[in-house]
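Position 1 is the first residue of the sequence; numbering continues from there. Because the structure is predicted, anything quoted here is derived from the model rather than measured.
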Amino acid sequence: MRDQGGNAGSIVVLTGAGISKESGLDTFRCEGGIWSKVSLEDVATPSGFSRNPALVHAFYNARREKLADPQIVPNAAHAALARLEQEWPGEVMLVTQNIDDLHERAGSRNLLHMHGELAKVRCGRCETVICWRDELGLDDACPACGAVGRLRPHVVWFGEMPLEMERIYQALDRCQLFMSIGTSGHVYPAAGFVSHVRTYTRAHTVELNLEPSTGASLFEETVYGPATEVVPVYINALLRGGQLPD
C-alpha cells in the first residue's frame with residue numbers, strides 16, 4: 001500500500017509487556033504477573049504514593065535493579081522492530097506501554113513511552129525529568145531545584161494521563177498499518193487505538209500476540225505465538241514485500 005503521494009505507507013506499532021516477557025521481565029496481568037504479587041493501589045496510584053512513598057520507592061527500586069541485570073537484554077522481537085524502523089522507506093512510529101528501555105537498547109529511535117520510563121524520575125516541585133538508574137529514596141534532592149523528598153518515578157500511575165497522547169494520535173491519524181504486539185487489550189487509551197484507526201484512517205490492523213487479546217476481534221489480521229518468533233517473521237515478510245497489506 002502506498003499513500004497518495006506514492007511514498008511507502010506509515011506504520012504505527014504499539015507494544016506491551018508481552019514483548020519484554022521473553023527478555024525476563026514480568027508482565028502485569030497474566031498468572032504470576034506483577035499485580036498478583038503486589039497491590040496496584042499501593043504502588044501504582046498517586047494516593048498510594050502519598051500514603052507510603054517509601055513502599056513505592058522500594059517497589060520501583062527493585063524493578064530498576066532487575067532491569068539493570070546483565071541477563072536482561074533485548075530479544076529478537078525488539079531487534080526486528082528496530083530493523084523495521086531502519087529499513088522501511090516510510091515512517092515507523094513505535095508507541096510502547098512498557099517502562100523498560102529494551103526498545104532503545106535494541107536500536108529503536110522513533111519511540112514514545114506513553115506510560116513513562118523506569119530509568120527516569122520526575123520532580124514534584126519543578127517537574128524536571130531526570131535520568132536515574134540508582135536507588136531513589138525520600139532523602140534524595142532534585143538536581144534541578146534542590147527540593148528534597150519530591151522526586152518520584154517517571155511512571156504514569158492509574159488515574160493519571162498517559163504521556164505524548166497528542167503525538168500518538170497524530171501518528172495514528174496518518175498511518176496505513178497499525179500493529180499491536182504483546183498487549184492484553186485491557187488498558188485504555190491504548191486498547192482503543194485499533195478502533196480509532198479503523199474508524200478514522202481505515203488502516204490495516206494486525207495483532208501479534210501470544211494469545212488473543214480482549215480486543216482481538218477488532219483486528220483484520222491476527223498471528224499468535226511467542227513474540228520472538230512471530231514478530232521477526234512478520235517484519236521480514238513486510239520488508240521483503242516492500243509494501244503494506246491491503
Side-chain angles (χ1 to χ4, degrees), residues 14-17 19-21 23-29 33-74 78 93-168 182-183 186-190:
L14 172 69
T15 66
I19 198 171
S20 295
K21 184 176 182 180
S23 290
L25 296 179
D26 289 337
T27 58
F28 289 85
R29 297 177 182 275
I34 291 172
W35 297 143
S36 69
K37 303 171 185 176
V38 65
S39 168
L40 66 87
E41 288 83 3
D42 289 337
V43 299
T45 62
S47 59
F49 186 61
S50 296
R51 286 194 307 271
N52 195 341
L55 174 66
V56 175
H57 283 320
F59 174 76
Y60 288 98
N61 285 340
R63 297 193 65 198
R64 205 175 293 115
E65 182 180 11
K66 175 71 171 178
L67 186 59
D69 186 330
Q71 296 185 6
I72 304 298
V73 295
H78 295 106
M93 171 68 77
L94 179 54
V95 179
T96 186
Q97 297 171 279
N98 299 338
I99 60 175
D100 63 61
D101 62 353
L102 296 180
H103 282 304
E104 288 92 337
R105 284 198 251 164
S108 292
R109 295 294 176 262
N110 197 23
L111 169 65
L112 299 176
H113 282 270
M114 64 181 296
H115 290 164
E117 299 177 63
L118 186 58
K120 294 181 180 179
V121 298
R122 184 168 75 247
C123 179
R125 173 184 282 181
C126 69
E127 295 298 319
T128 299
V129 177
I130 307 139
C131 291
W132 195 284
R133 294 188 177 273
D134 299 321
E135 286 197 354
L136 178 64
L138 297 174
D139 296 331
D140 286 306
C142 172
C145 71
V148 175
R150 298 298 302 274
L151 295 175
R152 55 161 281 182
H154 184 52
V155 173
V156 176
W157 289 328
F158 288 91
E160 296 181 328
M161 179 64 68
L163 307 175
E164 303 282 7
M165 293 308 299
E166 182 176 357
R167 291 179 64 192
I168 291 171
T183 65
H186 287 287
V187 180
Y188 284 83

State whether the number of non-hydrogen atoms from other residues, nucleotides or ligands found under 6.0 Å of Asp69 atom CG is greater than 12. yes
Quick one: do Asp100 and Arg63 make a salt bridge, cutoff under 4.0 Å? no
Between Arg133 and Asp101 (salt bridge meaning N to carboxylate O under 4.0 Å), is one present in this structure? yes
List the steps, then state whether side chain to side chain contact (heavy atoms under 4.5 Å, CB included) holds for Thr15 with Leu94. CA-CA 8 Å; Thr15 66; Leu94 179 54; 3.7 Å; yes
Would you indicate whether the side-chain heavy atoms of Asn98 and Ile19 approach each other to under 4.5 Å? yes
Regarding Glu104 and His113, do their side chains bring together a donor and an acceptor under 3.5 Å, going by distance alone? yes
Rounded to the nearest 0.5 Å, what separates atom OH in Tyr60 from atom CD1 in Ile99? 6.0 Å
Testing the basics here: between Leu102 and Val73, what is the closest heavy-atom pair and its distance to 0.1 Å? CD2-C, 3.9 Å
Considering the options Lys120, His115, Arg122, Glu117, which one meets the side-chain hydrogen bond (donor to acceptor under 3.5 Å, both in side chains) requirement together with His154? Arg122
With heavy-atom distances below 4.5 Å as the criterion, would you say the side chains of Val121 and Val129 are in contact? no
To the nearest 0.5 Å, tell me how far Glu127 CD sits from Cys145 SG. 10.0 Å
Distance, nearest 0.5 Å, that separates CG of Asn52 from OG of Ser47: 11.5 Å
Any side-chain heavy-atom pair of Leu136 and Asn61 under 4.5 Å: yes
Taking Ser23's backbone N and O only, do any of them form a donor-acceptor pair with Ser20's side chain (distance below 3.5 Å, no angle check)? no
Would you give the length of the straight line joining atom CG of Leu112 to atom CD of Glu166, rounded to the nearest 0.5 angstrom? 11.5 Å
Non-hydrogen atoms of Leu138 and Val148 that approach each other most closely: O-CG1, 3.8 Å
Strictly distance-based, threshold 3.5 Å: is any side-chain N or O of Arg150 a donor or acceptor partner for the main-chain N or O of Ala141? no
Beyond-backbone contact of Leu14 with Thr183, side-chain heavy atoms, under 4.5 angstrom: yes
Tell me if a side-chain donor or acceptor on Ser39 pairs with a main-chain N or O of Glu41 at a distance below 3.5 Å. yes
Identify the heavy atoms of Val156 and Leu163 that sit nearest to each other, and give their distance. CG2-CG, 3.8 Å
Taking atom CD as the centre, does Glu160 end up with more than 12 heavy-atom neighbours from other residues, nucleotides or ligands that are less than 6.0 angstrom away? yes
Do Ile72 and Lys66 make a side-chain contact, defined as non-hydrogen atoms from C-beta onward lying under 4.5 Å apart? yes
Hey, could you give me the CG/SG distance between Asp140 and Cys123, rounded to the nearest 0.5 Å? 11.5 Å
Please name the pair of heavy atoms, one in Arg51 and one in Asp42, separated by the smallest distance, quoted to 0.1 Å. NH2-OD1, 3.4 Å
Cation-pi geometry met for Arg152 and Trp157 (6.0 Å, 45°): yes
Using side-chain heavy atoms (C-beta onward) and a distance below 4.5 Å, is Pro189 in contact with Met165? yes
Can you confirm whether Met114 sits close enough to Glu164 that some side-chain heavy atom of one is under 4.5 Å from a side-chain heavy atom of the other? no
Just verifying a value: how many Å separate Thr128 OG1 and Ile130 CD1, rounded to the nearest 0.5 Å? 6.0 Å
Go through the side-chain N and O atoms of His78 and Ser108 and say whether any donor and acceptor fall under 3.5 Å apart. no
Looking only at heavy atoms, which two atoms of Leu151 and Phe49 are closest? And how far apart? O-CZ, 3.9 Å
